[in-house]
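Following: one structure in structure tokens, then a few remarks.
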Amino acid sequence: MTVPIDDTSSTAGSAGLTERIARSLERARTRTQGLTGPVDDPDLIRQHSPLMSPLVWDLAHIGNQEELWLLRNLGGREPMHPEIDPLYDAFEHPRAERPTLPLLPPDEARRYVHEVRGRVMDLLEQPRWGDEELSQGGFAFGMIAQHEQQHDETMLITHQLRVGEPVLHRPAPPAPPADVLALPAEVFVPGGPFTMGTSAEAWALDNERPAHEVDVAGFWLDTTPVTNGEYLEFIADGGYDDPRWWSQAGWEHRQSAGLIAPLYWTREAEQWLRRRFGVVEPVPTAEPVVHVSYYEAEAYAAWQGRRLPTEAEWEKAARYDPISGRSRRYPWGDDDPLPQHANLGQAHLQPAAAGSYPEGEAPSGARQLIGDVWEWVSSDFLPYPGFVAWPYREYSEVFFGPDYKVLRGGSFAVDPVACRGTFRNWDYPIRRQIFSGFRTARDGVL
């Protein structure tokens, strides 16, 4: 497979590309250290939930994948420790079993990832990087930077599941802008064709490819994600107890799981509280609701007389510019995200208030389509027309089908390197430990 490059000057060894790669790898490693450093060794080894790996497994897995793809597959180097490969194969051992494996102890895991990174930086300084397809546009390096950041988000989820004193500290997100109260509740996205996906983004993953035209009928979309305050109205109206709003599968899960509110919410006296990274606080009504499953999002939308947007609708609202007739890389344009555009990169440990980040507004008028919370859409995770699995089918292809629902837009826990207007996430519709929210849509004409 030939990977198209969005910048024809981005060739192996070019100064600009090398600098971009080094920055991306260093940012990911700094975050990894910030997530593993504040906890002691017993906490690193402990499994805080059967849904998640021990933090020490994620740490060594990051190094193992970096060695496999960059040193071995790209650089042609011999394996450093081939005996540990099966321990850190995500497909060989389910998360619930990983604490029983003879994993590298924390100090050995740290030494291993440090040694791998040192050799990778040596490789990066070479004028040629080996495998031509993997090196084109620095793809393999970009894939590994994204992989580490995705595991950093996974480790942040583990921190949220962890019981104990808070160990992560971040400033609160910025106050919402003055125009929040004047924002319309919904925006209209005109019908017509647009370009979905990408064939030009050098570090895009296989499920984002190729670019293709999709015709979307006009529809209305919430200007911002659904807030905690709006979701509290659903709870107060008995939404969790009324099967009218739930799909059959959703209602069965709601009953079997005993769902009564978003994950980490508890009710004391007349007040709803949430636990956030070890801090218990009143539920902030202005923030987007987070830690809800697809089924809960679907039920809320039905209660409102609305629905969840399709994946194509979401992407058109986020990327399509009706003036130029083209799809942007991001809602605000083609430039990489800056702090004023979106709540990304674990800069804050919570979503910003709904209506924040006006500089990140899409041409449709919708806000916060990137960052804050992953947004459930109604679509199953399926390949685009012309999809080709690359560089390995286990990244996307084995997950295609009706078992997984798509999430779009990223969350406050996602780094910019792993978040684009075309980026696709997916999970089981019952999942709630992820940083998931949603917005609703309805059919209609202007």
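Aromatic ring orientation, W265 versus W272: tilted (interplanar angle from 30° to 60°). Between W246 and F234, the two ring planes are tilted [angle within 30° to 60°]. The aromatic rings of W426 and Y395 lie perpendicular to each other, with more than 60° between the two planes, well past the 30° mark. The aromatic rings of F438 and Y300 stand perpendicular to each other, their planes meeting at an angle above 60°, with 30° marking the opposite boundary. Note: F277 and F435 have tilted aromatic rings, judged against thresholds of 30 and 60 degrees for the angle between ring planes. Ring geometry, W390 versus F139: the interplanar angle falls from 30° to 60°, so the pair is classed tilted. The aromatic rings of Y295 and H253 are tilted relative to each other, their planes meeting at an angle between 30° and 60°. Using the six-membered ring where Trp is involved, F399 and F91 have ring planes that are tilted, between 30° and 60° apart.
In this structure, the side chains of V39 and H159 come closer than 4.5 Å at one or more pairs of heavy atoms. Residues N64 and Y112 have side chains in contact (heavy-atom distance under 4.5 Å, counting atoms from C-beta outward). Looking only at side-chain heavy atoms (C-beta outward), Y384 and M196 come within less than 4.5 Å of each other. Here the side chains of I434 and W374 are not in contact, with every heavy-atom distance at 4.5 Å or above. Considering only heavy atoms from C-beta on, L35 comes within 4.5 Å of R31 through its side chain.
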Under the ring pair (Phe, Tyr, Trp, His ring centres under 6.0 Å) criterion, do F141 and W203 qualify, and how do the steps go? CA-CA 9 Å; F141 293 99; W203 290 4; 8.6 Å; no

Could you walk me through whether F387 and F400 satisfy the ring pair (Phe, Tyr, Trp, His ring centres under 6.0 Å) test, starting with their C-alpha distance in whole Å, then the side-chain angles of each, then the deciding distance to 0.1 Å, before giving a yes or no? CA-CA 11 Å; F387 167 83; F400 290 144; 5.0 Å; yes

Working for salt bridge (charged side-chain N to carboxylate O under 4.0 Å, His left out), residues R442 and D222: CA-CA 9 Å; R442 67 179 174 91; D222 289 339; over 6 Å; no

Might you work through the salt bridge (charged side-chain N to carboxylate O under 4.0 Å, His left out) test for E148 and R29, ending with a clear yes or no? CA-CA 8 Å; E148 181 163 356; R29 186 53 45 86; 2.9 Å; yes

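Ring pair H147/H61: centre-to-centre distance below 6.0 Å.
The backbone N or O of P284 sits less than 3.5 Å from a side-chain atom of N228, completing a donor-acceptor pair. Formation of a donor-acceptor pair under 3.5 Å by the H291 side chain with backbone atoms of P262 is not found in this model. In terms of modelled atom types and a separation under 3.5 Å, the side chain of R328 and the main chain of P331 share a donor-acceptor contact. R408 contributes a side-chain N or O that, together with a main-chain N or O of F423, makes up a donor-acceptor pair within less than 3.5 Å.
Defined by atom type and a distance below 3.5 Å, a donor-acceptor pair is missing between the side-chain atoms of T154 and Q150. No hydrogens or angles considered: a donor-acceptor pair under 3.5 Å links the side chains of W314 and E375. Donor-acceptor pairing under 3.5 Å is lacking for the side chains of Q433 and Q160. Residues T422 and E208 have side chains that bring a donor and an acceptor to within less than 3.5 angstrom of each other. For S293 and E296, the side-chain atoms include at least one donor-acceptor pair closer than 3.5 Å.
Applying the side chain to side chain contact (heavy atoms under 4.5 Å, CB included) test to P176 and every residue at least two apart in sequence or in another chain returns V180, A353, S356.
A cation-pi arrangement is present between R98 and W57, with the terminal nitrogen or guanidinium carbon under 6.0 Å from the aromatic centre and inside a 45° cone about the axis.
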